[in-house]
Structure formats: C-alpha cells, structure tokens
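In what follows, a structure is listed as structure tokens, so that the remarks can point back to it.
Keep in mind the model is a prediction, meaning the values are calculated, not measured. Chain identifiers are assigned alphabetically (A, B, ...) following the order of the sequence lines, protein sequences preceding nucleic acid strands; residue numbering begins at 1 within each chain.
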Number of protein chains: 2
Amino acid sequence: MSESKIKNMEEFAAISGISRPTVSKYFHDPASVRPSTRARIEAALEKYDYRPNIYAMNQNRKLTKNIGIVVPYLADPFFAEIVRVIERRCIEAGFTPSLFSSHGEQAFENDILDSLRSIKPAGVLLAPLGRQSDKSAIETFCKNVPTVLFDSNIEGMGEAFIGSDNYSFVSQTVEYLSRTGENPCFFEMKTPANPNANKRRLAYLSMAERLGLEPHVIQIDGTGWAFEEIGRQGALKLLSGNALPTDTVLCSNDRLAIGFLSACYEMGVKVGRTQDCQLRVASHDDHPFSKFTCPSLTTAAHDYFAVSDQAVETLFQVIESGGHLRNRTETVFPARLIMRDSA
Amino acid sequence: MSESKIKNMEEFAAISGISRPTVSKYFHDPASVRPSTRARIEAALEKYDYRPNIYAMNQNRKLTKNIGIVVPYLADPFFAEIVRVIERRCIEAGFTPSLFSSHGEQAFENDILDSLRSIKPAGVLLAPLGRQSDKSAIETFCKNVPTVLFDSNIEGMGEAFIGSDNYSFVSQTVEYLSRTGENPCFFEMKTPANPNANKRRLAYLSMAERLGLEPHVIQIDGTGWAFEEIGRQGALKLLSGNALPTDTVLCSNDRLAIGFLSACYEMGVKVGRTQDCQLRVASHDDHPFSKFTCPSLTTAAHDYFAVSDQAVETLFQVIESGGHLRNRTETVFPARLIMRDSA
DNA sequence: TAGGTTTCTTTACGCGAGTAAATTTTATGT
DNA sequence: ACATAAAATTTACTCGCGTAAAGAAACCTA
C-alpha cells in the first residue's frame with residue numbers, strides 16, 4: 001500500500017485503468033465484473049488504498065447496506081452477548097450493523113427510532129423495551145422501515161418476531177423443581193419491564209394447574225432495570241419476614257435471582273439442593289454471570305445462537321422480499337435446563 | 001404533524017416560504033437565523049416533518065457530526081455503563097454517537113477503525129483492547145482521525161488519554177487491607193489483557209515496599225476476556241493446593257474477584273472480615289455486579305462519571321481546535337474505596 | 001474467422017445537499 | 001426618517017457517486 005491519496009472514484013478509476021462506471025459496479029458486487037478487470041482493480045486497490053465515500057454512495061441508493069440493532073439495555077450482558085452474534089452475522093452478509101441501546105428509557109428508544117429512520121437502513125432488528133415502549137412510535141416506525149422484533153414481542157408489530165419460548169423455560173424448571181422437592185413459588189416484579197415476565201407467570205400458573213400444585217406468586221415492588229437490586233430488596237423483606245410459602249423459589253429471571261441469592265447470603269440462608277440447605281433457588285435466562293453466583297444458579301438457558309441466527313436470517317428474507325413478508329410469523333425457541341448448585 | 005412527505009430541502013424551503021440556503025443554514029445552527037424566520041421554519045417543521053438527508057449532508061461537509069465510541073468488550077457491564085454516560089453527553093452536545101465493541105478481538109478492533117474512517121467522524125473516543133491491540137493500526141488511525149483514548153492507555157497515541165489512576169486504586173486497597181489484617185497477596189492473570197493490570201501490579205509492589213511488606217504476586221494462567229472463569233479456575237487450583245501465602249487476596253479486577261469468590265464458595269472457604277472467615281478478598285473497579293457477590297465485594301471504584309465526562313469534554317476541545325491538541329495530556333482520576341463485606 | 005454475447009467505455013445527467021458571491025430585503029440606532 | 005448593519009434571496013457551482021444509453025472492445029462458440 002503506497003501513499004498518494006486518491007480523492008474519488010474518478011481518480012481511482014484513472015490510475016487503475018478502468019472506467020468509473022465499471023469501478024462503481026465492482027464496488028457493488030466484485031463478482032459482476034470480468035475476472036481480469038477485477039484483478040486489475042484489486043491490484044490498484046492494494047497499491048492505493050481507496051474506499052468509496054459511503055455518504056455519496058448511500059445518497060442515491062434506494063436501500064443502504066446498513067442494519068440497525070436496538071436492544072433495551074446494554075448493561076445487561078445477556079443483550080451484549082446476543083449483539084455479538086448478530087453483529088458478526090450481519091458483517092458476514094456484507095451489511096454494516098449499527099448498535100443502539102435504549103438504556104431502559106422510552107425517550108432513548110424513540111430517539112433511536114428517529115436516528116434509524118434517517119440512516120435509511122435496509123432493515124432493523126429491534127428488541128423493544130416492552131412495557132415502557134411507546135407502542136404507537138414503534139408501530140409507525142415498523143410501517144416505514146423493514147423491522148424484525150426479537151426478545152420481546154409486541155403484538156402485530158414488525159414483519160416477524162423471534163424469541164424464546166417462555167412456556168418451555170418455566171415448564172422445565174417447574175417440572176424439575178416440583179419433581180425433586182417442594183413446589184416452587186414464583187418470584188417476580190409487580191410491574192415487570194417486558195411481556196416475557198407476564199408470559200412466564202402465566203406459564204407458571206398453567207404448570208401448577210397441570211401438575212395439581214398450589215401456585216404461589218410473589219410480586220415485589222420496584223420499577224426500572226436495576227433488577228438485581230430489586231430482587232435483593234424483595235428477598236431481604238421476604239426472608240426477614242419469614243414470608244416464603246415454600247422452600248423453593250423460582251425467579252422470573254436470573255438478574256432477580258442474582259439479587260435474591262445475595263440477600264440469602266447476607267441473611268445467612270443457605271441455598272442449594274444438599275441436605276444442609278434451607279432454600280432452593282432457580283431461575284430463567286442463563287445470564288452470563290449465573291455460573292458465578294453463590295451457589296451457581298440452576299436456570300433455563302436461551303438458545304442464544306438460534307435466536308440471533310433466526311432473527312438475522314428472517315431480516316435478510318424480509319430485505320430480499322422488498323421489505324415485507326406475506327404474513328407475520330412468530331418463532332420461539334425452547335429452553336435448555338441448566339442444572340447447577342442452587343436447586 | 002400532517003402527511004404529504006417532503007422529498008428534499010428545496011421542497012421544504014418552498015412550503016415554509018424560506019429560501020433553501022437559509023433553511024440549510026438553519027439546520028446547521030438554528031440560532032444563526034433571525035428569530036422570525038426560525039419560527040417560520042419550525043412551524044413548517046411541525047406540519048411537515050422533514051429531515052435533511054444525512055448522506056447528502058455529510059458528503060460535502062469536511063467534518064461530520066458523528067462521534068465514534070469504541071470499547072473493547074461490551075459484555076462487560078463496566079463498559080456498558082461508561083457508554084451510557086458518554087452517549088448522553090454526545091447527544092446533548094448535538095453529536096451523533098456510533099457505538100462499537102471490539103468483542104475482545106483484534107480483528108474486530110481493526111475492522112471498527114476501518115469503518116470509522118469511512119464515516120469521517122468529527123472525533124473518536126477509543127478504549128483500546130490493550131495488549132491485543134494492533135498498535136500500528138491504532139497509530140495510523142489516530143493520525144487521520146481526532147481520537148481521545150480512554151480507560152486503557154497506549155503510550156503517545158491519540159490526542160489525550162483519560163482514565164483512572166491505578167496507583168490510587170491499589171494504594172487504597174493495600175493500605176486498608178494491610179492496616180486491618182494480614183498483608184494482601186496480589187492475584188492477577190499472567191498475561192493480562194490491558195496495561196492497567198500491569199500498572200496495578202507495579203503499584204502493588206511499590207506499596208509493599210513503601211509499607212515494608214513482603215510482596216506476593218500470584219499469576220494465573222488464561223487468556224482472553226472471560227475473566228470470571230479464569231479467576232475461578234485460578235482460585236480453585238490455589239485453594240485446593242493450599243497455595244495462598246496470606247489470608248488476604250487482592251484481585252487485580254472485580255471480574256477476576258467474582259470468579260475467585262465463586263470458587264471460594266464452592267470450596268467452602270468463608271470469605272469476609274468477621275472472625276469466622278478464613279479469607280479476605282478485595283479488588284478494583286466497582287463492577288456493577290460487585291454489590292451482589294457473596295459476600296459483597298470490597299473494591300475501589302472508578303469515578304465513572306468523571307472519566308466519561310472528561311473524555312467527552314477533551315474530545316470536544318480537540319474537535320474545536322481542529323483535530324489536534326498542542327500537546328498530549330494524560331488525565332487520571334483517583335479511586336474511591338468501597339467497603340463491603342468481603343474484606 | 002464470422003457471429004453473437006458479454007463486458008467496458010463514453011457520455012451525460014441526477015441526487016440532495018453545502019457553499020460562495022452578488023443583490024435585495026429587513027432590522028437597528030439615533 | 002435615514003444611514004448602516006444584519007440577514008435573506010438568487011444564482012450558480014461543487015461534491016462523489018449512481019445510473020442509463022449507445023457504441024466499442026473483448027470474449028466465447030462453433
């Protein structure tokens with residue numbers, strides 16, 4: 001790579017000995033030009049290191065090669081992991097992913113949708129905030145931009161939804177817990193952040209009925225995305241009040257469970273499935289840290305890869321078919337029970 | 001906001017009754033036009049919802065309003081938190097932040113620098129991978145794009161560095177630990193991911209000398225960014241081999257400590273500062289989860305806000321002064337000791 | 001080697017704005 | 001009310017590339 005900067009495609013075409021329209025064609029699809037000319041262009045490319053101006057490129061193109069990725073809360077490593085997989089797949093497919101986090105706030109989410117509109121993305125992968133989302137803003141957005149929802153569903157919006165099967169999560173944990181010990185009570189936030197929580201509660205109730213168990217749903221106070229702290233405070237109150245109906249607690253999600261376990265430790269309540277333990281705690285999500293809780297957390301794992309992969313794949317289909325799918329599909333993947341020490 | 005989409009600034013100028021150049025001026029700086037015309041434009045803006053095409057805007061502009069934010073590993077909530085602060089500050093200042101994570105891989109980092117170049121950002125806030133970084137790639141990048149490094153320093157690169165004062169972290173923890181109990185040994189990775197780790201080790205050694213203590217540095221195997229698992233494995237080996245030189249362990253960072261604590265729990269080693277405890281464990285970073293470990297982790301906290309704020313502020317200065325500062329500055333903020341239950 | 005196909009080259013225009021220069025309109029102070 | 005300064009308009013060109021059309025050149029294939 002030598003120096004002497006090339007200003008524009010005109011100049012680059014000149015020094016590579018190829019016409020500009022052909023060079024332009026090459027940059028859209030290197031395979032669309034004759035191998036010999038392709039070789040000449042690529043030779044020049046190595047010598048002079050030129051890259052087309054993306055702003056000029058995208059100005060005329062009807063659809064850009066950008067893909068927007070929006071998650072509700074990036075400080076949650078669960079989303080960070082998903083993002084990693086999605087990003088890679090987009091890049092491999094020749095797209096340019098742009099990452100956004102709503103940071104748990106509706107105003108942020110709306111701003112992000114606004115920014116996304118102006119970058120004219122080929123498509124958007126959106127994990128909405130959920131309860132806090134501005135439904136009408138999202139609806140309007142989905143009408144203008146090809147969007148696939150993931151993680152958290154909003155009825156009827158976007159071209160498709162890909163997520164995890166909450167029933168599969170809960171049925172496995174409940175079945176396992178009730179088979180190996182006391183029936184679990186269900187521990188959750190009173191006003192959960194997203195619809196998955198509601199589905200999990202319903203799944204719990206349905207499982208209880210199916211197995212003929214008495215259901216106990218414990219709903220704790222707290223709003224926002226600081227789930228660990230909320231879980232911790234809830235557990236402290238519960239434990240100090242001796243208010244647990246059973247010796248087995250099934251948390252709605254791992255982040256609540258992390259807080260719950262920290263409260264147990266602080267209160268000197270031993271958690272686990274061995275004889276000397278007073279409590280069993282299990283949960284859902286297989287949060288990246290759930291392996292390192294004390295004790296390690298028995299949980300139900302998302303199929304991270306399948307969800308990410310399917311979401312991306314579906315978006316590509318949407319893009320290929322011009323931005324709309326004939327009918328909206330909802331795909332959910334089952335969970336995998338991860339047995340660790342907490343239950 | 002009514003319908004009837006406006007195609008371009010020409011059209012919008014027409015319906016708002018203002019000439020296009022003036023409208024253009026307005027979008028660069030609403031305060032640069034007379035209040036009365038500003039009002040007319042904004043009235044039209046509410047009725048017709050037009051936004052200038054960012055691609056056309058940025059095509060000619062020498063410097064865009066984009067700011068690149070690069071972190072080494074987004075699945076680490078520490079960075080996610082910093083990003084949140086930085087993003088907000090950028091938006092408030094009228095910039096458009098673009099977020100990138102290197103996901104712990106050099107190839108990613110290099111690709112990101114490449115992408116960044118092509119979006120012609122006004123400036124970049126870069127937290128490099130550190131040891132894994134391609135130094136020469138970063139050097140070249142910094143020469144072409146106004147860049148401020150943060151979190152992890154690379155000698156002489158970028159217009160400035162903003163981070164935390166590793167000596168402040170370690171001196172406080174070492175002083176506290178040695179004052180209240182046995183001298184701490186220092187627990188770290190043999191080949192740490194970034195230079196902060198090296199500085200912390202040196203600070204530990206220097207403190208040991210100053211306080212007249214015998215230093216013990218324990219270096220465990222493992223590479224990559226799965227610090228918790230590495231810390232856990234290291235601790236398991238150490239504990240089962242009874243190889244700890246003292247009853248007090250100072251981990252280089254919280255993520256290692258999280259792994260360490262999980263190993264202690266598993267091995268039945270009680271950690272804390274009360275009589276019945278066998279071990280004290282402390283660490284550095286005040287990781288968002290360190291409050292929820294078992295026991296809660298005594299650590300030294302970054303001044304998240306100061307670092308983020310100063311980094312952004314410095315970048316703005318760089319941008320204002322045309323991309324270069326007279327001389328490169330390094331700013332580090334002191335730590336705050338957070339006393340919890342682990343030591 | 002002729003004939004038909006592909007692929008390139010030439011030429012030319014469009015996109016949506018930035019921006020400069022000259023001119024006209026509006027605002028300001030006294 | 002008038003001179004002056006400030007802001008807006010008109011006009012016209014630029015930027016870097018997409019893209020279409022027509023013709024030239026290179027590529028098969030038999």
- Query: Would you call B/Phe100 and B/Asp111 a side-chain contact if the rule is heavy atoms closer than 4.5 Å?
  - Reply: no
- Task: Kindly indicate whether the side chain of A/Phe161, heavy atoms from C-beta on, has any atom under 4.5 Å from the side chain of A/Arg328.
- Result: yes
- Looking only at heavy atoms, which two atoms of B/Asn153 and B/Pro195 are closest? And how far apart? O-CG, 3.4 Å
Compare side-chain N and O positions of [X] against OP1 and OP2 of [N] and report whether any pair is under 4.0 Å apart.
| X | N | answer |
| --- | --- | --- |
| B/Ser19 | D/dT9 | yes |
| A/Ser24 | D/dG18 | yes |
| A/Thr22 | C/dT9 | yes |

Interatomic distance, [X] [atom1] vs [N] [atom2] [rounded to whole Å]:
| X | N | atom1 | atom2 | value |
| --- | --- | --- | --- | --- |
| B/Ile18 | C/dT26 | CD1 | C1' | 12 Å |
| B/Arg34 | D/dA5 | CZ | P | 17 Å |
| A/Ile6 | D/dC17 | CD1 | C1' | 16 Å |
| B/Ile41 | D/dA7 | CD1 | C1' | 12 Å |
| B/Lys120 | C/dG18 | NZ | C1' | 15 Å |
| B/His28 | C/dG18 | NE2 | C1' | 6 Å |
| A/Ile54 | C/dG16 | CD1 | P | 18 Å |
| B/Asp29 | C/dG18 | CG | P | 13 Å |

- How do B/Asn53 and B/Ser36 order along DNA chain C: which one's closest nucleotide is nearer the 5' end? B/Asn53
Candidate nucleotides [options], ranked by approach to the side chain of [X] - the nearest:
| X | options | value |
| --- | --- | --- |
| B/Met57 | C/dA17, D/dC27, C/dT11 | C/dA17 |
| B/Met9 | C/dA17, D/dT19, D/dC27 | C/dA17 |
| A/Asn8 | D/dC17, D/dA8, D/dA26 | D/dC17 |

- Polar pair under 3.5 Å, donor/acceptor by atom type, side chain B/Gln59, base C/dG16: yes
- Item | hbond_proxy B/Arg20 side chain to D/dT10 base (donor-acceptor, 3.5 Å cutoff) | no
- Message: What contact category does B/Tyr50 fall into here, base, sugar-phosphate, or nothing, at under 4.0 angstrom with non-hydrogen atoms?
- Response: sugar-phosphate
- Just checking A/Pro52: base, sugar-phosphate only, or nothing, at a heavy-atom cut-off of under 4.0 Å? sugar-phosphate
- Query: Residues two or more places apart in sequence or in another chain: which of them pass salt bridge (charged side-chain N to carboxylate O under 4.0 Å, His left out) with B/Asp309?
  - Reply: B/Arg89
- Report the residue (B/Ala56 or B/Pro35) whose heavy-atom-nearest nucleotide on DNA chain D is the more 5′ of the two. B/Pro35
- Message: Check A/Lys135 with A/Glu139, please: is the shortest side-chain N to carboxylate O separation under 4.0 Å?
- Response: no
